[in-house]
Undergrad: 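Quick one: this structure, given as structure tokens, is what I'll be asking you about.
Order of the sequence lines sets the chain letters (A, B, ...), proteins ahead of strands, with each chain counted from 1.
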Amino acid sequence: MPPAFSEGLNEAQRNAVEQLEGPVLMLAGAGTGKTKALTTRLAHLLYSGRAAPGQLLAVTFTNKAAREMKERVAELLGRPSVEGWWLGTFHALAARILRREAEAVGLKSNFTILDSDDQLRLLKQVMQAENIDEKAWPPRALMSIIERWKDRALTPDRVSSEDSSEFAGGRAPTLYALYQRRLKELNACDFGDLLMHCVSLFQNNEEVLRRYQEQFRYLLVDEYQDTNIAQYLWLRLLAQKHRNICCVGDDDQSIYGWRGAEVGNILRFEQDFPGAHIVRLERNYRSTPNILGAASGLISHNAGRLGKTLWTDGDQGEPVRVRGLWDGEAEARFVGDEIEALQTKGHALSEIAILVRTGAQTREFEERFVTLGLPYRVVGGPRFYERMEIRDALAYLRLLVSMDNDLAFERICNKPKRGLGEAALKTLHEVARAGGLSLFDAARRLTETDELRPQARRALKSFIGLFDKWRDDMLQMPHPELAETVLEESGYTDMWRQDKSIEAPGRLENLKELIDALAEFETLAGFLEHVSLVMDNLEDTSQDQVSVMTLHAAKGLEFETVFLPGWEEGLFPNQRALDEQALKGLEEERRLAYVGLTRAKVRAIVSFAANRRLYGSWAAAIPSRFIDELPEEHKVQESDQGLYGASAQAWGGGRFGGFDDWGETRVSPGMMRARERASDKVIDVQAQSVEKLSPNTAGYAPKARVFHRKFGYGTVDMVDGDRLTIRFDHGGEKKVMASFVVPADEAD
DNA sequence: CCGGGGTCCATTTTT
DNA sequence: TGGACCCCGG
């Protein structure tokens, strides 16, 4: 290996780079320089001549990861790019194979790839045709059942009815089969199909499989802990010949079980690939010992791990701060203040992130940041190619490229309104079905008969006329110009120009952007393939902004300062995860907490609120068990007295140390209503004396009558240390911290 | 065909 | 609480 490659690699990384033959599992803990090892390995394979670019298969989950890898390998090799290799997402690579072998699975090579929106619409149609009550059986639920089947590479003939007998009286498998048939008729694939079809292709077609097995001498897989069964089968089939497969992953960062990922894949690696070399990357280059210690202590509560001991040298750094606050609003205020303080000290906002469990949590922070005038961005959210206007524009272009794209036809035939409503579409469908025609051809035929009302017929005629003209234009017009013409002449742009809603200007802006993006591609078809598979947003990193995102979205990122709010039982670990998956769910939640903590380079601040507004009503919250699981020596409790029960004594300090959060608490309308509901008696929060709320960690016994500021009067049911289960007179049973209640006779 | 109002529901998400 | 979705009336 040239010294330029091995330079700066530690021993484990060098091992991972040099062990080229045979199966290798690279267990790469958070922040251990995984990408570096991985890209160097690729560069090494190419540079040493062991593999030509076309003989390498390198797979990632996201386009972003693929892009990064490409850039870094090219950089190592000192050339602008590497041509002809197979580096991409599972889906993009599977699509590439499938385009070549389409006939073998009953598709034409120009099949369209449906996004989840199209998928759902199609599923709805199938359900309607089967007279299934959409209210009782939401199409979304069926979609997710089918997706889980596809994750396991289960074709309709291989699913058993008991797999989902609860859905529509056991009809899910039938609906699945019908849906698949519809897809074939439309010459279309959904995302799950790309892999599933590929697996079927390999399983049923030895010659094809052998060809690809021969071709790919070296396989490399990133984020192996996130692979599902279909992806696993796909890889295993491809790797069988040369057995040079290197999988990189971290079982502790497996957080996508709910969407079909199987941690089992990584846990089983040695059995699947006997003689595998296991390389552990355990030296962490990202976080301080305190952060690492906190994260390691937390994750050690999970069973069935492959086990790694992350270490780092250097200064201990700051312990993880744990802060309790009165409610979500106070929490947002706290985070805002902390950020402003950091900013004053010269810290860049781009090095600060707030990582939440659920998307809804971002709102409180946004509101606070707007008030403070603090620049922030919410990562995630609707993506460019998912916006309505973009999807419409794409449908025009898709229909233009393939006139038999019925889904595209349906989407835009009445956008803008041309009087081709439901009635006309119904007739079109009938004619199409009867004659085995595409909707477009059916439309052409209908312009020559009297089956439609004259008005609709005229509309159809001009609609077709437009497409005929554009197809002529296509022959000599550069495609960005063509796209512009289409959007103009169809009246689509005008539709938004005339729209006076606030979003309209933004939509027009997006359409312009689409045309610009189009110009970067050689052909229209090439562009359309790109948008089907590469639907990610390019993020704007030019501005100094605080990032707000979910824990899931944060995987793979790092920040100097990380805020981890909402560490409360029920929210995090999330109740639903616990209900649906019990211990498995809890462990995945814990891994999520681990991912969150390990994003921090210098400081991590965990917080929780004692009261959280959930679905419009107030709920008492108790601190997350994950807080208890952070080792004492790596954390510091600085919660307001009484808010954190478990170690209220441990941190001592002034009696009412951080009580300003209570003093500041304003009575919001929602709180007011909640209190009225709870006790019929309005108590002035401001007047409530601090003494009355002094910590009461013990002294309550079952049947004691107590009073709570938000929930009113109640009777103690159970006592668990300082956590009480109280049956409130109004509002049912709740768990609250003892310090939040006072004996009923002491309440005024 | 539009919009008002009622109802229902509420993780995590990439491709 | 608030958003998405559906139904019905104009």
Side-chain angles (χ1 to χ4, degrees), chain A residues 59-66 88-95 113-120 124 134-135 138-141 143-144 147 150-151 189-196 223 226-228 230-231 254-261 328 355-364 379-383 385-386 414-423 499 501 529-537 549-556 566 570-581 585 588-589 591-593 595-596 612-619 668-671 673-674:
Chain A
V59 201
T60 64
F61 270 87
T62 64
N63 293 301
K64 192 176 157 208
T89 63
F90 276 102
H91 292 90
L93 296 171
I113 299 167
L114 303 193
D115 60 33
S116 40
D117 218 82
D118 298 326
Q119 204 183 333
L120 191 64
K124 275 185 190 163
E134 283 190 33
K135 288 227 186 65
R140 274 183 188 286
M143 181 155 104
S144 107
E147 276 173 351
K150 293 187 176 181
D151 287 341
C189 263
D190 63 24
F191 286 117
D193 283 339
L194 292 173
L195 277 145
M196 190 175 74
E223 306 279 15
D226 287 334
T227 50
N228 61 33
Q231 289 157 341
S254 157
I255 54 173
Y256 285 109
W258 50 273
R259 71 177 196 210
L355 310 182
V356 294
R357 177 63 183 82
T358 71
Q361 285 171 264
T362 60
R363 223 176 103 189
E364 253 163 340
V379 179
R383 284 168 303 173
Y385 291 111
E386 273 168 8
N414 205 25
K415 261 187 185 194
K417 304 257 175 296
R418 334 183 141 84
L420 291 171
E422 221 173 303
D499 190 308
S501 66
E529 177 80 355
H530 170 83
V531 295
S532 297
L533 292 166
V534 189
M535 304 244 290
D536 60 349
N537 266 342
M549 68 188 100
T550 62
L551 287 157
H552 284 92
K555 197 165 77 149
L571 181 59
F572 191 39
N574 192 273
Q575 193 56 47
R576 256 184 98 153
L578 302 184
D579 292 346
E580 286 165 17
Q581 296 281 344
E588 186 155 306
E589 294 286 300
R591 290 193 290 267
L592 206 45
V595 166
R612 176 100 30 208
R613 205 143 86 181
L614 195 64
Y615 311 143
S617 54
W618 284 95
S668 68
M671 224 161 110
R673 272 193 298 272

Undergrad: Could you label the plane-to-plane angle of the A:H552 and A:Y256 rings as parallel, tilted or perpendicular, counting under 30° as parallel and over 60° as perpendicular?
TA: tilted
Undergrad: Using a 4.0 Å heavy-atom cut-off, does A:R383 contact any base of the nucleic acid, only the sugar-phosphate backbone, or nothing at all?
TA: base
Undergrad: Could you tell me the separation between the CD atom of A:E364 and the C1' atom of C:dT1, rounded to a whole number of Å?
TA: 11 Å
Undergrad: Let me know, please, whether A:T550 or A:K417 comes out on the 5' side of the other along DNA chain B by nearest nucleotide.
TA: A:K417
Undergrad: Under 4.0 Å between a side-chain N/O of A:K135 and OP1 or OP2 of C:dC7, yes or no?
TA: yes
Undergrad: Can you name the ring pair (Phe, Tyr, Trp, His ring centres under 6.0 Å) partners of A:H530, sequence neighbours left out?
TA: A:F521
Undergrad: Across the strands shown, which category fits A:N228 at heavy-atom distances under 4.0 angstrom: base, sugar-phosphate, nothing?
TA: nothing
Undergrad: Quick check: do A:M549 and A:L355 have side-chain heavy atoms less than 4.5 Å from each other?
TA: yes
Undergrad: Checking A:E580 now: which residues fulfil side chain to side chain contact (heavy atoms under 4.5 Å, CB included) with it, not counting sequence neighbours?
TA: A:R576
Undergrad: Suppose you measure atom C1' in C:dC6 against the same atom in B:dT11; what distance do you get, rounded to whole Å?
TA: 25 Å
Undergrad: Classify the nucleic acid contact of A:N63 as base, sugar-phosphate or nothing, counting any heavy atom under 4.0 Å across all strands shown.
TA: sugar-phosphate
Undergrad: Could you state the atom-to-atom distance from CD1 of A:I255 to P of B:dT12 in whole Å?
TA: 13 Å
Undergrad: Quick test: give all pairs of protein nitrogen or oxygen and nucleotides 8-10 of chain C nitrogen or oxygen below 3.5 Å, distance rounded to 0.1 Å.
TA:
none

Undergrad: Rounded to whole angstrom, note down the C1' distance from C:dC5 over to B:dT12.
TA: 23 Å
Undergrad: When rounded to the nearest Å, what value does the distance between C1' atoms of C:dG3 and B:dT14 take?
TA: 24 Å
Undergrad: Of all residues at least two apart in sequence or in a different chain, which pass the ring pair (Phe, Tyr, Trp, His ring centres under 6.0 Å) check with A:F191?
TA: A:H91
Undergrad: Whole angstroms only, please: what is the CD-C1' distance between A:Q575 and B:dT12?
TA: 15 Å
Undergrad: Which residues pass the side chain to side chain contact (heavy atoms under 4.5 Å, CB included) test with A:T358, not counting sequence neighbours?
TA: A:A360, A:Q361, A:L571, A:N574
Undergrad: Measure from NE2 on A:H91 to C1' on B:dT13 and round the result to the nearest Å.
TA: 12 Å
Undergrad: Please list, chain by chain and in numerical order, all residues satisfying ring pair (Phe, Tyr, Trp, His ring centres under 6.0 Å) with A:F61, sequence neighbours excluded.
TA: A:F90
Undergrad: What residues form a salt bridge (Lys or Arg N to Asp or Glu O under 4.0 Å) with A:R363, not counting sequence neighbours?
TA: A:E367
Undergrad: Grab the CZ-C1' distance between A:R363 and C:dG2 for me, whole Å please.
TA: 7 Å
Undergrad: Taking only N/O atoms, report every protein-nucleotides 4-11 of chain B pair under 3.5 Å with atom names and distance.
TA:
unit_1, atom_1, unit_2, atom_2, d
B:dT11, O4, A:E580, OE1, 3.2

Undergrad: Looking at residues at least two apart in the chain, or sitting in another chain, which of them share a salt bridge (Lys or Arg N to Asp or Glu O under 4.0 Å) with A:D115?
TA: A:R391
Undergrad: Roughly how many Å is it from OH in A:Y256 to P in B:dT15, rounded to a whole number?
TA: 10 Å
Undergrad: In this structure, how many angstroms lie between the P atom of B:dT15 and the CG atom of A:L533, rounded?
TA: 10 Å
Undergrad: Just how far, in rounded Å, is P of B:dT13 from CG of A:L551?
TA: 10 Å
Undergrad: So does A:K415 have more than 12 non-hydrogen atoms from other groups sitting under 6.0 Å from NZ?
TA: yes
